[in-house]
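Just so you know, these numbers come straight off a predicted model, no measurement behind them.
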Number of protein chains: 2
Amino acid sequence: MAARDYGQYCGITRALELVGERWALLIVRDLLVGPRRYGELAAGLPRIPTNILATRLKELQEAGILRRAPRSRVVVYELTPFGRELEPVVLALGAWGFKALGEPRDEQVLTPAALTMTLRTAFRPAVAVTLPPTAYAARVGADGLVVRVDGGTLDVAPGDGTVDLAFTAGPGLHRIISGELSPDRAVATGAVEVLHGPGSLLDRFATTFHLAA
Amino acid sequence: MAARDYGQYCGITRALELVGERWALLIVRDLLVGPRRYGELAAGLPRIPTNILATRLKELQEAGILRRAPRSRVVVYELTPFGRELEPVVLALGAWGFKALGEPRDEQVLTPAALTMTLRTAFRPAVAVTLPPTAYAARVGADGLVVRVDGGTLDVAPGDGTVDLAFTAGPGLHRIISGELSPDRAVATGAVEVLHGPGSLLDRFATTFHLAA
DNA sequence: CCGCATCCCATGTGATACTG
DNA sequence: CAGTATCACATGGGATGCGG
């Protein structure tokens, strides 16, 4: 395939030659959350044509960014150490793009992987270390996400479980993270719905995860 | 034009919709060094078709990333504050891609803007603050770059001047920054040529600018 | 000459259908 | 489920033109 090159001897051009093609960094984003099967990747990128997904996976494998790994009868795609080093790039892009997120449009979906990376981007360890360990559950459509904050560490995993606070994670959550909406107003206006636990914990969430414009 | 969108409510997708098109981040890279005229941008991106450059400039202006500014009879393009916030993204990409830079091919050029961003990426303020202020001059083909390190600050500007050490900046410089080549071996093999000043200062340069694989 | 705009063709992308 | 094949179309690349 040989990605068209930019003809410059420069780290940025090299990076863009390797992961600058359309959809490539979104595949990396989803794999930063964990290994995924082909169908899981396709589900997390609803608009990607299957031929493009297949092509990108081959290119990224060729570049040493991901590999196909056999896992108990099925194949999963997982990042190599080199690919995992793209995390700062993805987080930096996410932090910058977050500020340019306007009102969500109807056609836009919110995937668990996207929310996971948003939380990683907005996580403030320095603040979290001063707070008691807390577990949140975020409901993303049909999926659940368990968010555990303990000391300065963050762990986001799929599924449900016993948590201190459960809430819905729609676009309203982004407005809390950006500080555009206070937690109480978010609850009052229905932007965020508390499903379980004391709503006051939403304040703690808002101070733990913050990304200002 | 309306960049094709990814259909997700996510900072990363938003960022890629704004600066994910081919050449866009390279234009940003060059403008991070300073305002540029149309022709200067074209010169710094030798392979960009002129229509693509014109299109990107319009899109990036539309997105609020750069603006056309009149400067004494001519128009220059310069980043807006929002566009300047892309610096962490560009530096992260550069740091990652730097590790994947293989041997330079003949067709690959090294532009002053690219070298400037490489130096910014590789700069280690914590090390620099322990060293005496030093001025280097790097010769990039027909262009000169003056690199001033003072305390924890770095300033890279075009031109020549009185410096402590002057040397040629070819691909050999990258191998010094990566630690792949020791300064003495670089000089011995001719990978880097000292034009002026004590060659021993190249060691200081190597500790000030470092980006390991 | 600089700053683009136009034209044409090669390539990449997207939607859909199809196969092991 | 995990891709491959096909085709229409959008975008990128290169040459060229043109007005200020």
Side-chain angles (χ1 to χ4, degrees), chain A residues 1-8 13 16-28 30-31 34-63 66-78 107-109, chain B residues 1-8 13 16-28 30-31 34-63 66-78 107-109:
Chain A
M1 183 58 47
R4 297 163 295 171
D5 63 57
Y6 288 101
Q8 298 196 236
T13 55
L16 292 175
E17 285 162 8
L18 293 176
V19 295
E21 303 292 311
R22 197 164 159 73
W23 295 105
L25 275 178
L26 296 181
I27 294 171
V28 172
D30 282 13
L31 290 181
R36 289 286 182 272
R37 300 178 51 174
Y38 184 93
E40 294 173 325
L41 287 170
L45 274 7
R47 303 252 283 245
I48 195 174
T50 65
N51 58 344
I52 299 292
L53 177 55
T55 302
R56 291 290 172 274
L57 288 173
K58 254 176 289 188
E59 291 166 350
L60 292 172
Q61 189 179 357
E62 186 82 12
L66 58 80
R67 68 176 142 237
R68 298 177 50 141
R71 283 288 157 71
S72 64
R73 298 197 47 86
V74 298
V75 168
V76 297
Y77 294 90
E78 64 181 14
E107 89 245 19
Q108 290 185 315
V109 299
Chain B
M1 182 64 42
R4 299 161 295 171
D5 63 58
Y6 288 101
Q8 298 196 229
T13 55
L16 292 174
E17 285 162 8
L18 294 175
V19 295
E21 303 291 312
R22 199 164 157 71
W23 295 105
L25 274 177
L26 296 182
I27 294 171
V28 171
D30 282 12
L31 290 181
R36 291 285 181 272
R37 299 179 51 174
Y38 184 94
E40 294 173 324
L41 287 169
L45 275 6
R47 302 253 281 247
I48 195 173
T50 63
N51 56 344
I52 298 293
L53 177 54
T55 302
R56 290 290 172 274
L57 288 174
K58 253 176 287 187
E59 291 167 350
L60 292 171
Q61 189 179 357
E62 185 82 12
L66 58 81
R67 68 175 146 240
R68 299 176 48 139
R71 283 289 157 73
S72 62
R73 298 196 49 88
V74 298
V75 168
V76 297
Y77 294 90
E78 65 181 12
E107 89 244 20
Q108 290 185 314
V109 300

Heavy-atom closest pair, residues B:Leu60 and B:Val19: CD2-CG1, 4.2 Å
Listed by chain and number, what are the side-chain contact (heavy atoms from CB on, under 4.5 Å) partners of A:Val76, not counting sequence neighbours? A:Pro35, A:Arg37, A:Ala69, A:Arg71
Could you check whether any side-chain N or O of B:Arg56 sits under 3.5 Å from a backbone N or O of B:Arg22, counting only pairs where one atom can act as donor and the other as acceptor? yes
Salt bridge (Lys or Arg N to Asp or Glu O under 4.0 Å) with B:Arg68: which residues, sequence neighbours excluded? none
Phosphate-side-chain proximity, A:Lys58 and D:dT4, N/O vs OP1/OP2 below 4.0 Å: yes
Quick check: closest heavy atoms across B:Leu18 and B:Ala63, and the distance to 0.1 Å? CD2-CB, 3.8 Å
Kindly give the heavy-atom pair with the smallest separation between B:Thr50 and B:Tyr38, and that separation in Å. O-OH, 3.0 Å
Heavy-atom pair with the smallest gap, counting every atom of A:Arg4 and A:Glu17: O-CG, 3.9 Å
On a heavy-atom basis, which atom in B:Leu31 and which in B:Leu41 lie closest, and how many Å separate them? CD2-CD2, 4.0 Å
Could you tell me which residues satisfy salt bridge (Lys or Arg N to Asp or Glu O under 4.0 Å) with B:Glu62, sequence neighbours excluded, listed by chain and number? none
Check the distance between D:dG12's P and A:Asp5's CG and give it to me in whole angstrom. 17 Å
Terminal axis angle for the helix from C:dC1-D:dG20 to C:dG20-D:dC1, five pairs an end, nearest 10 degrees: 30°
Euclidean distance, atom CG of residue B:Leu45 to atom P of D:dG14 [Å, nearest integer]: 13 Å
Can you check each nucleotide of nucleotides 13-20 of chain C against protein heavy atoms at under 4.0 Å and return B for base, S for sugar-phosphate only, - for none, in 5' to 3' order? SBBBB---
For the side chain of A:Arg47 and the backbone of B:Gln8, is there at least one donor-acceptor N/O pair under 3.5 Å apart? no
Measure all distances between protein nitrogen or oxygen atoms and nitrogen or oxygen atoms of nucleotides 1-3 of chain C, and list the pairs falling under 3.5 Å.
{"from": "C:dC2", "atom 1": "O3'", "to": "B:Arg37", "atom 2": "NH2", "distance (Å)": "3.1"}
{"from": "C:dG3", "atom 1": "OP1", "to": "B:Arg37", "atom 2": "NE", "distance (Å)": "3.1"}
{"from": "C:dG3", "atom 1": "OP1", "to": "B:Arg37", "atom 2": "NH2", "distance (Å)": "3.0"}
{"from": "C:dG3", "atom 1": "OP2", "to": "B:Gly39", "atom 2": "N", "distance (Å)": "2.7"}

Nearest whole Å is fine: how far is C:dC4 P from B:Leu57 CG? 7 Å
